[in-house]
Amino acid sequence: MLYLREFTFTSWDAEEQFINDEIQRTCYDSFYPFVVLGKKMPHAPKENGKIDYQHVLPLTFEPITVFYGGNGSGKTTALNIIAEKTGAERDALYNRTVFFENYLEFCRFELAKKPRHKRIITSDDVFEFMLNLRSLNEGIDDKRSELYEDYLDAKHARFRMESLDDYDRLKKTTTARRRTQSQYVRQNLMGNVREHSNGESAFLYFTQRMPENGLYLLDEPENSLSPSRQRELAEYLENSVRFFGCQIIMSTHSPFLLSLKDAKIYDLDQTPLRSGKWTDLAEVRTYFDFFMERKDDFLKSRP
């Protein structure tokens, strides 16, 4: 499904003019998100062969679009700008400066269709979810320990019922003597949240935050995921697009996610920004060369 058809970031000369105006009036030494993406944006050439920086070409999107690049290339910045301009929901805070609103005024976008849901999911969102899930389970574990002690006290208690005030205690003692310790604890303990590994919890977050018919911006979703989980996530994302009406725009270094079928990949390490094949990306070639150099080792160990 295609919701966001195209997005236009600001041009370099517009950024430069804004910064020059601000320098004359302020003492700021950082104008983020200005100067992060401006020079990377493709521009329409003039007839005389010179670049006209007033005519910035929009980035066009497919059902799956990927921003690739090294640290500092602007991947996360691009996703945050798109998220804010399109009004996407988000959980975690991000690096938003006083110039963010100014930058958004230079940007524009075009929708092919209005999505039912719009959300950006970041590594901070996933990490906080894992911590909350762990804390919840730890709280339940504490309650379980209390119930173990409560069971032993109730089972071996000796008292006479002298008033109705003792009825609840008598009931607890009777119940403890009729059941095993594990049965008693399960009956009195709230349904335990299933304990997950970090990878399982991270994957669970994506499945819970991505209902059908939505536009989703994912910032390095491979973080906290093992290679096998990354492959599982790749399959989940492909199925979300193919069967459940979703559009995915994400930043990633993962070869498993870069290889998503029919994904359009923008290489932010290139200036001007352009799309290309995942097999031509520098980091992917590094993986390829590494394994090819050790090809014989794999063949020898094959059962």
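When reading the values below, keep in mind they use all heavy atoms of this one structure, side chains included, and skip hydrogens, waters and symmetry mates.
Between the CG atom in Leu57 and the OG atom in Ser11 there is a gap of 11.5 Å [rounded to 0.5 Å]. One distance of note links CZ of Phe7 with CE of Met41; it measures 10.0 Å at 0.5 Å rounding. Atom CD in Gln247 sits 11.5 Å away from atom NZ in Lys113 (nearest 0.5 Å). One distance of note links CE of Met1 with CZ of Arg116; it measures 10.0 Å at 0.5 Å rounding. In this structure, Glu220 CD and Asn223 CG are separated by 5.0 Å, a value rounded to the nearest 0.5 Å. Rounded to the nearest 0.5 Å, atoms CD (Glu283) and CH2 (Trp278) are 13.5 Å apart.
With hydrogens and angles ignored, the 3.5 Å screen pairs no side-chain donor or acceptor of Lys75 with any backbone N or O of Leu268. Within the 3.5 Å criterion, the main-chain N or O of Ser254 finds no donor-acceptor partner in the side chain of Tyr287. Not one N or O on the side chain of Glu238 forms a donor-acceptor pair closer than 3.5 Å with the backbone of Leu260. No donor-acceptor pair closer than 3.5 Å links the side chain of Tyr3 to the backbone N or O of Cys246. Of the possible donor and acceptor atoms, one in the side chain of Lys85 sits under 3.5 Å from a partner among the backbone N and O of Leu104. A donor-acceptor pair under 3.5 Å links the side-chain atoms of Arg294 to the main chain of Phe290, judged by distance alone. Not one N or O on the side chain of His117 forms a donor-acceptor pair closer than 3.5 Å with the backbone of Met210. A donor-acceptor pair is defined here as one N or O able to donate and one able to accept, closer than 3.5 Å; such a pair exists between the side chain of Asp125 and the backbone of Thr122. At distances below 3.5 Å, not a single donor-acceptor pair connects side-chain atoms of Glu89 with backbone N or O atoms of Arg119.
Evaluated for a side chain to side chain contact (heavy atoms under 4.5 Å, CB included) with Leu4, the options Leu217, Thr65, Leu111 yield exactly one hit, Leu111.
Between Pro63 and Leu2 the shortest heavy-atom distance is N-CD1, 4.2 Å. Among all heavy-atom pairs drawn from Pro272 and Pro42, the shortest one is CB-CA, 4.1 Å. Taking every heavy atom of both residues into account, Val36 and Gly74 meet most closely at CG1-CA, 3.8 Å. Ile82 approaches Phe61 most closely through the heavy-atom pair CD1-CZ, 4.0 Å. Residues Ser251 and Asp219 come closest through the heavy atom pair OG-OD1, 2.6 Å.
Considering only heavy atoms from C-beta on, Tyr216 stays 4.5 Å or farther from Met250 through its side chain. Side chains of Ile248 and Leu218 form a contact here, defined as non-hydrogen atoms less than 4.5 Å apart. For the pair Ile265 and Leu281, the minimum side-chain heavy-atom distance is below 4.5 Å. Between Val66 and Leu257, the closest side-chain pair of non-hydrogen atoms is not below 4.5 Å. Side-chain contact between Leu299 and Lys295 is present, with heavy atoms from C-beta onward closer than 4.5 Å. Taking the side chain as every heavy atom from C-beta outward, Ile81 and Cys107 approach each other to under 4.5 Å. Residues Leu59 and Phe9 form a side-chain contact, since some pair of their non-hydrogen atoms from C-beta on lies under 4.5 Å apart. When side chains are defined from C-beta on, Tyr236 counts as touching Thr207, because their heavy atoms get closer than 4.5 Å.
Following chains of ILVMFWY side-chain contacts shorter than 4.5 Å, one can reach Leu79 starting from Phe106, so the two form part of one hydrophobic cluster. Hydrophobic clustering (side-chain heavy atoms under 4.5 Å, transitive across Ile, Leu, Val, Met, Phe, Trp, Tyr) groups Val35 together with Leu37. Cluster annotation: Ile120 is connected to Phe100 through the hydrophobic network of ILVMFWY side chains, with a link wherever side-chain heavy atoms come within less than 4.5 Å.
For an aromatic pair to be called close, the ring centres must be under 6.0 Å apart, and Phe291 with Phe298 satisfies this. Residues Phe34 and Tyr32 place their aromatic rings such that the two centres sit no closer than 6.0 Å.
Under a cut-off of 6.0 angstrom, the local environment of CG in Asp280 is crowded, with over 12 non-hydrogen atoms contributed by other residues, nucleotides or ligands. Atom CD of Glu235 has 12 or fewer heavy atoms from other residues, nucleotides or ligands within 6.0 Å. Applying the 6.0 Å contact sphere to CZ of Arg90 captures more than 12 heavy atoms from other residues, nucleotides or ligands.
Note on Glu6 versus Arg108: no salt bridge recorded, every NZ/NE/NH1/NH2 to OD/OE distance being 4.0 Å or above.
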Glu15 and Thr10: CA distance, side-chain angles, deciding distance, side-chain hydrogen bond (donor to acceptor under 3.5 Å, both in side chains) verdict: CA-CA 7 Å; Glu15 290 190 351; Thr10 181; 4.9 Å; no

Verify side-chain contact (heavy atoms from CB on, under 4.5 Å) between Lys114 and Leu215, making sure each step is shown before the conclusion. CA-CA 9 Å; Lys114 186 177 180 180; Leu215 168 63; over 6 Å; no

May I have the step-by-step check of side-chain contact (heavy atoms from CB on, under 4.5 Å) for Lys277 and Thr279, ending in yes or no? CA-CA 5 Å; Lys277 298 179 180 179; Thr279 51; 3.9 Å; yes

Evaluate the side-chain contact (heavy atoms from CB on, under 4.5 Å) criterion for residues Asp269 and Tyr68: first the C-alpha distance (whole Å), next the side-chain angles of each, then the deciding distance (0.1 Å), finally the verdict. CA-CA 8 Å; Asp269 286 337; Tyr68 163 88; 4.0 Å; yes

Show the numbers, then the answer: is there a side-chain contact (heavy atoms from CB on, under 4.5 Å) between Met292 and Asp289? CA-CA 5 Å; Met292 286 301 294; Asp289 293 339; 5.6 Å; no

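No hydrogens or angles considered: a donor-acceptor pair under 3.5 Å links the side chains of Glu222 and Thr252.
Ring geometry, Tyr266 versus Phe67: the interplanar angle falls from 30° to 60°, so the pair is classed tilted.
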